[in-house]
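Taking it in order: structure first as structure tokens, then the write-up.
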Amino acid sequence: MNQVVETASALRRLRLRSTQTRIPSAIVVAPPAPKREPIQIDNSLAKLLDQVTRLLPDLHHDLFDLLGQIPSGRVTTFGRLAAALGDRHAARWIATVLRHDSRAASVPWHRVVRLDGSLPGTSRSDSLSQKDLLLREQIPLRDERVMSSVDFFEDFASSHPLLRLQEEQRQAAERVSLHDQIPERPTLAGIDVAYPNPGQARAAYVEFDPRLKTVVYERIVDSEVGFPYITGFLSYREIPAYLYLLAEVEAVRPLADVLLVDGSGVLHPRGIGIAAHLGVLLDRPTIGVSKKLLHGSLVDRGDDSLVVDIAAESREIRGAAVKVTRDNKPIYVSPGHGCSVERAIDLVQLSFATHRLPEPVYLADRLSKARSPL
DNA sequence: GCGACAG
DNA sequence: ATCTTGTCGC
């Protein structure tokens with residue numbers, strides 16, 4: 001299989017041009033990377049990428065700043081740190097960092113405990129255990145737990161970076177359109193991201209003809225990860241990888257009329273899952289396809305029908321649980337942008353083949369996970 | 001102990 | 001998402 005892999009840093013050095021290449025309608029697969037022949041990148045996508053990445057907060061830096069604020073002899077909880085970042089959902093990410101990241105050894109990681117007072121410890125081989133470090137600061141422990149009489153530190157000075165992102169999400173949500181802007185017989189592409197190594201994202205694009213059931217074009221682009229996974233904020237982790245990918249694709253051929261994105265569309269607590277957010281940024285039709293339901297509730301019992309409506313908070317139908325066959329687990333479909341709920345379901349069903357996921361998304365998922373020459 | 005929890 | 005071996009089912 002022919003694949004083209006470009007690193008983010010290599011992409012940044014590429015010259016920007018605006019010529020468009022015409023591709024014959026036959027099956028086209030990306031040729032092996034030519035020797036440093038300047039690849040054309042669409043100016044607007046490159047600009048968008050720059051804009052998006054510039055506004056990304058450095059959450060790692062912000063977290064370590066907060067950790068440094070916990071006074072000696074005091075303790076706090078993962079949830080309180082997460083709240084200081086602006087969203088309690090960040091608690092699990094914080095726990096992962098403190099447990100696994102070697103850099104946490106140089107900050108007072110031991111002053112962070114669970115809400116019930118129990119000690120999470122660390123996977124690092126630090127010389128002193130969390131218990132020893134806390135006893136040294138005279139923090140009262142009983143049965144490996146901080147005693148309930150201890151009150152948790154929460155007087156953090158913080159700019160609440162995740163609150164700022166929530167506000168940005170609300171503004172983006174206002175720009176979402178559920179009106180169809182899709183041609184009669186649209187071309188379709190599935191996109192997905194995998195993480196072959198820590199800190200490295202690999203985004204894949206697979207354009208698929210649902211009637212011929214054939215792959216029309218595929219592409220892989222590697223880039224660096226600049227944001228952790230936090231529930232509700234997937235966009236900030238994966239959209240940069242998608243923009244690198246789409247800039248490369250658009251330099252070679254027109255993007256598909258509809259992008260099927262692995263993730264939620266408008267079925268999101270603020271109405272702006274990754275498919276919707278990407279659609280708004282590109283102002284192009286997108287559809288969200290996820291394996292788990294992030295937000296909303298089923299309207300019917302989902303036993304016998306292939307399509308079950310999903311209502312969001314306002315009781316409006318915003319998506320559906322859709323199955324290939326009766327006894328399959330469903331996938332969850334919601335419009336991203338420039339697409340109605342009904343059309344989203346139609347197009348997903350049209351692109352079903354033999355797998356649980358619509359074929360373009362299934363193939364993009366597989367392609368992103370395929371090992372490739374580096 | 002149970003539910004929530006996109007990727 | 002990723003870490004992972006064999007195993008069960010069509």
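Computed from a predicted model, the values in this text were never measured in an experiment. Every chain is numbered from 1 and lettered A, B, ... according to where its sequence line falls, protein lines coming before strand lines.
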May I have the distance from [X] (atom [atom1]) to [N] (atom [atom2]), rounded to whole angstrom?
X        : N     : atom1 : atom2 : answer
A/Leu293 : B/dG7 : CG    : P     : 10 Å
A/His295 : B/dG7 : NE2   : P     : 16 Å
A/Asp87  : B/dC5 : CG    : C1'   : 12 Å
A/Arg356 : B/dA6 : CZ    : C1'   : 12 Å
A/Ile191 : C/dA1 : CD1   : C1'   : 16 Å

May I ask you to say whether [X] pairs ionically with [Y], meaning some side-chain N is under 4.0 Å from a carboxylate O?
X        : Y        : value
A/Glu207 : A/Arg219 : no
A/Arg185 : A/Asp257 : no
A/Glu359 : A/Lys213 : no

- Based on Watson-Crick and G-U pairs with both distances under 3.5 Å, what dot-bracket line describes DNA chain C 5' to 3', crossing pairs as [ ] and inter-strand pairs as |? ..........
- Any residue meeting side-chain hydrogen bond (donor to acceptor under 3.5 Å, both in side chains) with A/Tyr195, in chain and number order, not counting sequence neighbours: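 A/Tyr195: side-chain hydrogen bond (donor to acceptor under 3.5 Å, both in side chains) contacts with A/Arg237, A/Glu238.
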- Message: Short of 4.0 Å, heavy atom to strand atom, which residues of residues 265-276 of chain A count as contacting DNA chain B?
- Response: A/His268, A/Gly273, A/Ile274
- Positions of residues 335-342 of chain A (non-hydrogen atom under 4.0 Å from DNA chain B), listed by number: none
- Aromatic-base stack, A/Tyr229 on B/dG7, cutoff 5.5 Å, angle under 30: yes
- Message: I'd like to know if the side chain of A/Gln169 pairs up with that of A/Tyr236 as donor and acceptor (distance under 3.5 Å, no hydrogens or angles considered).
- Response: no
- Item | A/Asp101 versus A/His60, side-chain donor and acceptor atoms under 3.5 Å |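 There is such a pair (donor and acceptor under 3.5 Å, judged by atom type) between the side chains of A/His60 and A/Asp101.
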- Centres of the A/His89 and A/Phe233 rings: under 6.0 Å?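 Aromatic pair excluded; centres sit 6.0 Å or further apart.
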- Item | Shortest non-hydrogen contact between A/Arg74 and A/Ile70, atoms and distance | O-CG2, 3.8 Å
- OP1, OP2 of B/dA6 versus side-chain N and O of A/Lys291: anything below 4.0 Å?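 So the side chain of A/Lys291 is outside the cut-off, no N or O lying under 4.0 Å from OP1 or OP2 of B/dA6.
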- Message: For a side chain to side chain contact (heavy atoms under 4.5 Å, CB included) check, start with the C-alpha distance between A/Leu55 and A/Leu165, then their side-chain angles and the critical distance, and finish with the verdict.
- Response: CA-CA 9 Å; A/Leu55 292 176; A/Leu165 296 187; over 6 Å; no
Check: protein-nucleotides 2-10 of chain C nitrogen or oxygen pairs below 3.5 Å:
residue: C/dT2; atom: OP1; partner: A/Tyr195; partner atom: N; Å: 3.4

- Item | Intra- and interstrand pairs of DNA chain B - dot-bracket, Watson-Crick/G-U under 3.5 Å, | marks other strand | .......
- Message: Quick check with a 6.0 Å cut-off and a 45 degree axis cone: is A/Arg253 positioned over the face of A/Tyr217's six-membered ring?
- Response: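 Yes, A/Arg253 sits over the ring of A/Tyr217.
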